[in-house]
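Whatever order the structure lists ligands and atoms in, that order sets their numbers, starting from 1.
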Amino acid sequence: MTDPITKVPCPTCKTLVPWAPKSTYRPFCSKRCQLIDLGEWASEEKRIAGAPDMSDGDGWSEDQ
Ligand SMILES: [Zn+2]
């Protein structure tokens with residue numbers, strides 16, 4: 001007997017995802033992986049971890 005549930009590898013993390021209605025984000029294993037694939041998660045991370053603006057220290061000297 002073969003397994004009646006087809007499993008597909010998540011395009012992002014390769015986790016096997018059951019191809020079933022309960023797998024809301026198939027072929028992705030989760031919403032997170034779906035967002036990573038779309039590039040949205042990555043851009044959001046950059047916004048959160050954005051480096052502080054270093055360009056305003058040009059005229060400032062530390063040996064005072
Ligand atoms: Zn995944």
Side-chain angles (χ1 to χ4, degrees):
M1 282 296 212
T2 48
D3 190 335
I5 298 174
T6 303
K7 289 181 180 174
V8 296
C10 169
T12 302
C13 72
K14 312 304 180 196
T15 297
L16 287 176
V17 182
W19 193 265
K22 67 172 185 146
S23 300
T24 309
Y25 301 106
R26 67 187 187 277
F28 303 94
C29 69
S30 63
K31 186 178 184 180
R32 180 174 167 269
C33 280
Q34 186 183 47
L35 291 178
I36 289 172
D37 191 74
L38 293 173
E40 291 181 13
W41 189 76
S43 58
E44 204 163 294
E45 278 286 291
K46 278 179 206 156
R47 238 176 285 139
I48 291 167
D53 186 13
M54 304 292 275
S55 63
D56 64 354
D58 285 343
W60 189 75
S61 178
E62 204 171 42
D63 54 17
Q64 183 67 23

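- Counting only protein atoms, the N, O or S atoms lying less than 2.8 Å from the Zn ion (ligand 1) are C10 SG, C13 SG, C29 SG, C33 SG, ordered by chain and residue number.
- Rounding to the nearest 0.5 Å places CG of L38 at 6.0 Å from CZ of F28.
- Side-chain N or O atoms of T15 include none that pairs as donor or acceptor with a backbone N or O of C10 at under 3.5 Å.
- For the atom pair C33 SG and K14 NZ, the distance stands at 10.0 Å (nearest 0.5 Å).
- V8 and L16 fall into different hydrophobic clusters, defined by Ile, Leu, Val, Met, Phe, Trp and Tyr side-chain heavy atoms under 4.5 Å apart, directly or through other members.
- In terms of heavy atoms, P18 sits closest to I5 at CB-CG2, 3.7 Å.
- At distances below 3.5 Å, at least one donor-acceptor pair connects side-chain atoms of R26 with backbone N or O atoms of A20.
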